[in-house]
Amino acid sequence: MSKKLLLKDAHVEGIRYFETYRKQGGYGAAEKALKMTPDEILEEVKTSGLRGRGGAGFPTGMKWSFLAKPEGVPRHLVVNADESEPGTFKDRYLMEFLPHLLIEGMLISSYCLGSNVSYIYIRGEYSWIPDILEEAIEEAKAAGFLGKNILGTGFDCEIYVQRGGGAYICGEETALLESLEGKRGNPRLKPPFPAVKGLWERPTVVNNVESIAAIVPIIDITGAEYAKIGVGRSTGTKLISACGNINKPGVYEIDMTITVEEFIYSDEYCGGIPNGKKLKACIPGGSSVPIVPANLLLKTVNGEPRYMNYESLADGGFATGTMMGSGGFIVLDEDQCVVEHTMTLARFYNHESCGQCTPCREGTGWMYKILKKIEKGEGKMEDIDLLWDIQRKIEGNTICPLGDAAAWPVAAAIRHFRDEFEWHIKNPELSQTQNYGLANY
Ligand code: NAD
Ligand code: SF4
């Protein structure tokens, strides 16, 4: 059984409220941290090996150490709670059921980074969660864990919750900062990174909800103990939101030593695939990461089992591997049609493109139109090569990663499931009434 660090108290009745959270030992890590120096906390975070849980997996301690500290300029911590990646809902779970874990993590992180005013930017569709967070903030303040002179240390910290307007692009950190400043959420060119020029051009650390929540156990058990959990550079525990064709969709905390097979089939996690259907493929890290067919999902190119961690999932590069991403684990059984699935994603990215870069603005639209044509049985064989060509022209040629995120699913679908594209083209009449999966299994 995986060790639980973040969700260990998730099922304690009333854990959402300060009194119960405190009874369970909550804010103990904050009390410990406030007796340490900011540099000592930073060392613990670096030692823990924690990697950003939003999707990129960038080392959190390194990001914090890049924070510029010009004399007299305020610094900020901004928590990215704009969890919009299709298939990803782990931050929602944390915020809804364990809001004080996030607030405690923010207090420790704000103290370490020197942020007296910190923000949570939350996606508009999570309309019921800001109230939960604001209540937790008020409770923490009443207990002396936020506000002025926290626990007599002289450190002041306020936390504000800002609701987004429902645009996927505002989860990209620089678009988020633009939106937080009250502007249209268009991504900025990087560098400069937010650590140097962020919110209102001030040094800013933008971290995902889960990354900040993980600071609490890191301080609690020490960075060295945290680093012993997991394997290699995949230290600590990771939340996975599992969905699609599985018996037990939900949010699971894993220690990154389990295999993909165990995760899908064990009763502790997904509980297998309904109706005894076969596994076709999986997208293990949210919709932006490459889809992987079952044979490559259960084994690496070297025949080793594939593990649920950053390195093993990426084994073999994009040709045969994928990415841990945001931990949005989407399972497709044999009845699903990869062309239809890819078309749905293409429509999403086309709709969510901010339109600043030509390859993304135009390319996502073209990909959607071509995929729609193929899926309806109106495509030609040349369309597959055209799709391939368009995705190649988007990848790496845009301001923000949305372009790559739109290109990769198309590339991986053609690479691994070309036969499905060809089936739609060769069977125009059938493909108007059936999907590939149902017609072929
Ligand atoms: P990135 O690799 O560009 O950056 C990762 C982080 O490291 C950023 O905070 C960046 O500022 C920082 N960083 C990198 N180099 C730095 C440097 N030299 N100096 C200072 N800071 C530096 O990736 P990203 O654009 O932040 O994220 C992309 C990922 O987001 C994708 O892989 C995808 O999995 C994920 N994603 C998640 C969601 C979600 O809902 N959770 C939605 C869409 C995409
Ligand atoms: Fe906007 Fe797409 Fe360019 Fe990102 S890649 S800045 S979403 S047009």
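Residues take their numbers from the sequence shown, with the count starting at 1.
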Participant: Heavy atoms, side chains only, cut-off 4.5 Å: are Arg53 and Arg51 in contact?
Facilitator: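 Contact flag for Arg53/Arg51 side chains = yes.
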Participant: Distance check, rounded to the nearest 0.5 Å: Leu386 atom CG versus Lys373 atom NZ?
Facilitator: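 It is 8.0 Å, given to the nearest 0.5 Å.
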Participant: For Lys248, I'd like to know if atom NZ has over 12 heavy atoms of other residues, nucleotides or ligands within 6.0 Å.
Facilitator: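 Counting neighbours around NZ of Lys248, more than 12 heavy atoms of other residues, nucleotides or ligands fall under 6.0 Å, so yes.
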Participant: Quick one: does Arg202's side chain get under 4.5 Å of Arg75's, heavy atoms only?
Facilitator: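 Arg202 does not reach Arg75 side chain to side chain.
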Participant: State plainly whether the residues Lys3 and Glu253 are in salt-bridge range, i.e. N to O under 4.0 Å.
Facilitator: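 So Lys3 does not pair with Glu253 through a salt bridge.
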Participant: Starting from the C-alpha separation in whole Å, work towards a yes-or-no answer on side-chain hydrogen bond (donor to acceptor under 3.5 Å, both in side chains) for Asn207 and Asn80.
Facilitator: CA-CA 6 Å; Asn207 271 143; Asn80 186 345; over 6 Å; no
Participant: Can you measure from OG1 (Thr237) to CD1 (Ile229) and round to the nearest 0.5 angstrom?
Facilitator: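 Rounded to the nearest 0.5 Å, the OG1-CD1 separation comes to 6.5 Å.
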Participant: Between Thr88 and Ser326, is there a donor-acceptor pair closer than 3.5 Å when you use the side chain of the first and the backbone of the second?
Facilitator: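 No, because the side chain of Thr88 does not come within donor-acceptor range (under 3.5 Å) of the backbone of Ser326.
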Participant: Could you walk me through whether Asp333 and Asn275 pass the side chain to side chain contact (heavy atoms under 4.5 Å, CB included) check?
Facilitator: CA-CA 10 Å; Asp333 74 13; Asn275 307 317; over 6 Å; no
Participant: Counting only heavy atoms from other residues, nucleotides and ligands, does the tally under 6.0 Å from CZ of Arg392 exceed 12?
Facilitator: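 No, the 6.0 Å shell around CZ holds no more than 12 heavy atoms from other groups.
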Participant: Find the distance between CD1 (Ile273) and NZ (Lys278) and round it off to the nearest 0.5 Å.
Facilitator: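 It is 11.0 Å, given to the nearest 0.5 Å.
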Participant: Does any N or O in the side chain of Lys46 come within less than 3.5 Å of the main-chain N or O of Thr60, such that one atom is a donor and the other an acceptor?
Facilitator: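 Flag not set: sc Lys46 to bb Thr60 has no pair under 3.5 Å.
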Participant: Check whether any side-chain N or O of Asn427 sits under 3.5 Å from a backbone N or O of Trp423 as a donor-acceptor pair, and report yes or no.
Facilitator: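 Judged by distance alone, yes, a pair lies under 3.5 Å.
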Participant: Between His424 and Cys337, is a side chain to side chain contact (heavy atoms under 4.5 Å, CB included) present by the stated rule, with each step listed?
Facilitator: CA-CA 10 Å; His424 277 275; Cys337 172; 3.2 Å; yes
Participant: Flag this pair as yes if the NZ/CZ of Arg418 is under 6.0 angstrom from the six-membered ring centre of Phe421 and inside a 45 degree cone about the axis; otherwise no.
Facilitator: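 No, a cation-pi geometry is absent between Arg418 and Phe421.
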Participant: Can you find a heavy atom in the side chain of Cys360 that is under 4.5 Å from one in the side chain of Leu402?
Facilitator: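 They are in contact (side-chain heavy atoms under 4.5 Å apart), so the answer is yes.
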Participant: Do Ser118 and Glu158 pair up side chain to side chain, a donor and an acceptor below 3.5 Å, judged on atom types alone?
Facilitator: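 Side chains of Ser118 and Glu158: no pair found under 3.5 Å.
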Participant: Verify the neighbour count for atom NZ of Lys190: are there more than 12 heavy atoms of other residues, nucleotides or ligands below 6.0 Å?
Facilitator: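 More than 12 heavy atoms, drawn from other residues, nucleotides or ligands, come within 6.0 Å of this atom.
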Participant: With heavy-atom distances below 4.5 Å as the criterion, would you say the side chains of Glu268 and Tyr252 are in contact?
Facilitator: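 No, their side chains stay 4.5 Å or more apart.
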Participant: Do we see a donor-acceptor contact under 3.5 Å between the side chains of Tyr121 and Ser179?
Facilitator: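 Yes.
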Participant: Any carboxylate oxygen within less than 4.0 angstrom of a Lys/Arg side-chain nitrogen, looking at Glu375 and Lys372?
Facilitator: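 Salt bridge flag = no for Lys372 with Glu375.
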Participant: Give the ring-plane orientation class for Phe263 versus Tyr269, where under 30° counts as parallel, over 60° as perpendicular and anything between as tilted.
Facilitator: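 Geometry flag for Tyr269 against Phe263: tilted rings.
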Participant: Please indicate whether Trp388 has more than 12 foreign heavy atoms, meaning atoms of other residues, nucleotides or ligands, lying under 6.0 Å from its CH2.
Facilitator: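 Correct, the count exceeds 12.
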Participant: Whether Glu334 and Lys280 form a salt bridge (side-chain N of Lys/Arg under 4.0 Å from carboxylate O of Asp/Glu) is what I want to check.
Facilitator: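 Between Glu334 and Lys280 there is no salt bridge, as every charged N stays at least 4.0 Å from the carboxylate O atoms.
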Participant: Does any part of the side chain of Tyr21, heavy atoms only, come nearer than 4.5 Å to the side chain of Arg16, both counted from C-beta?
Facilitator: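 They are not in side-chain contact.
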Participant: Does Tyr368 have its ring centroid less than 6.0 Å away from the ring centroid of Tyr349?
Facilitator: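 Centroid separation for Tyr368 and Tyr349: 6.0 Å or greater.
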Participant: Is there a side-chain contact between Thr174 and Asn186, using heavy atoms and a 4.5 Å cut-off?
Facilitator: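 In short, these two side chains do not touch, never coming nearer than 4.5 Å.
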Participant: Would you say the side-chain atoms of Thr204 pair up with the backbone N or O of Ala195, donor to acceptor, closer than 3.5 Å?
Facilitator: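 Side chain of Thr204 to backbone of Ala195: no pair is present.
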Participant: Evaluate Phe193 against Phe66 for ring pair (Phe, Tyr, Trp, His ring centres under 6.0 Å), listing each step before the verdict.
Facilitator: CA-CA 9 Å; Phe193 289 95; Phe66 287 155; 8.0 Å; no
Participant: For residues 296-305, tabulate all N or O donor-acceptor pairs below 3.5 Å that involve a side-chain atom, not counting sequence neighbours.
Facilitator:
unit_1: Thr300; atom_1: OG1; unit_2: Asn302; atom_2: N; d: 3.2
unit_1: Thr300; atom_1: OG1; unit_2: Glu304; atom_2: N; d: 3.3
unit_1: Thr300; atom_1: OG1; unit_2: Glu304; atom_2: O; d: 3.4

Participant: Quick check for you: to the nearest 0.5 Å, what is the distance between Ile169 atom CD1 and Ser84 atom OG?
Facilitator: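 Nearest 0.5 Å value for the CD1-OG distance: 9.5 Å.
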Participant: Between Asp220 and Val216 (side chain of the first, backbone of the second, donor and acceptor by atom type, cut-off under 3.5 Å), is there such a pair?
Facilitator: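 Side chain of Asp220 to backbone of Val216, a donor-acceptor pair under 3.5 Å: no, none is there.
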Participant: Once rounded to the nearest 0.5 Å, what's the spacing between atom CD of Glu83 and atom OG of Ser241?
Facilitator: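 With rounding to 0.5 Å, CD (Glu83) is 6.5 Å from OG (Ser241).
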Participant: Report yes if some heavy atom in the side chain of Glu172 is under 4.5 Å from a heavy atom in the side chain of Cys400; otherwise report no.
Facilitator: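 Answer yes - side chains close enough.
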Participant: Atom CE in Met256, atom CZ in Arg233: separation rounded to 0.5 Å?
Facilitator: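 Answer rounded to 0.5 Å: 11.0 Å.
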Participant: By the salt bridge (Lys or Arg N to Asp or Glu O under 4.0 Å) test, which pairs, at least two apart or in different chains, include something from residues 338-366?
Facilitator: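 Qualifying pairs: none.
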Participant: Quick one: do Tyr168 and Phe348 satisfy ring pair (Phe, Tyr, Trp, His ring centres under 6.0 Å)? Show the steps, please.
Facilitator: CA-CA 9 Å; Tyr168 172 73; Phe348 172 78; 4.8 Å; yes
Participant: Between Ser312 (side chain) and Tyr307 (backbone), is there a donor-acceptor pair under 3.5 Å?
Facilitator: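 Pair found, side chain donor or acceptor close to backbone of Tyr307.
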Participant: Tell me, yes or no, whether the heavy-atom count around Glu201 atom CD, taken from other residues, nucleotides or ligands under 6.0 Å, exceeds 12.
Facilitator: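 No, CD of Glu201 has 12 or fewer neighbouring heavy atoms, counting only those of other groups under 6.0 Å.
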Participant: With a 6.0 Å cut-off on the ring centroids, do Phe97 and Tyr93 count as close?
Facilitator: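 Centroid separation for Phe97 and Tyr93: below 6.0 Å.
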Participant: Given 3.5 Å as the limit, does a donor-acceptor pair link the side chain of Ser431 with the main chain of Pro428, or not?
Facilitator: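 Yes, the answer is positive, given that a donor and an acceptor are paired below the 3.5 Å cut-off.
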Participant: Output, in order, the C-alpha distance, side-chain angles, deciding distance and verdict of side chain to side chain contact (heavy atoms under 4.5 Å, CB included) for Cys282 and Val292.
Facilitator: CA-CA 6 Å; Cys282 181; Val292 191; 5.8 Å; no
Participant: Counting only N and O atoms by type, is there a donor-acceptor contact under 3.5 Å from the side chain of Arg415 to the main-chain atoms of Thr320?
Facilitator: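 Answer holds: no.
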Participant: Does a salt bridge link Arg163 with Asp131, judged by any charged N lying under 4.0 Å from a carboxylate O?
Facilitator: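 Answer for the salt bridge query: yes.
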Participant: With distance as the sole test, does Gln391 use its side chain to make a donor-acceptor pair with the main-chain N or O of Ala406 at under 3.5 Å?
Facilitator: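 Looks like no, no N/O pair under 3.5 Å.
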Participant: Go through the steps for Ile122 and Met95 under the test side chain to side chain contact (heavy atoms under 4.5 Å, CB included), then give the verdict.
Facilitator: CA-CA 10 Å; Ile122 184 164; Met95 292 186 286; 3.9 Å; yes
Participant: Within the distance-only criterion (no hydrogens, no angle test), does the side chain of Glu420 pair as donor or acceptor with the backbone N or O of Val338 below 3.5 angstrom?
Facilitator: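 Side chain of Glu420 to backbone of Val338: a pair is present.
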Participant: Among Asp91, Leu50, Leu102, which residue meets the side chain to side chain contact (heavy atoms under 4.5 Å, CB included) test with Glu210?
Facilitator: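 Going through the options one by one, the only one that passes is Asp91.
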Participant: Below 30° counts as parallel, above 60° as perpendicular, anything between as tilted: where do the rings of Trp200 and His76 land?
Facilitator: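 If you compare the ring of Trp200 with that of His76, the planes turn out perpendicular.
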Participant: Is any side-chain heavy atom of Tyr226 less than 4.5 Å from a side-chain heavy atom of Thr47?
Facilitator: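 When only atoms from C-beta onward are counted, Thr47 and Tyr226 do not touch, as no gap falls below 4.5 Å.
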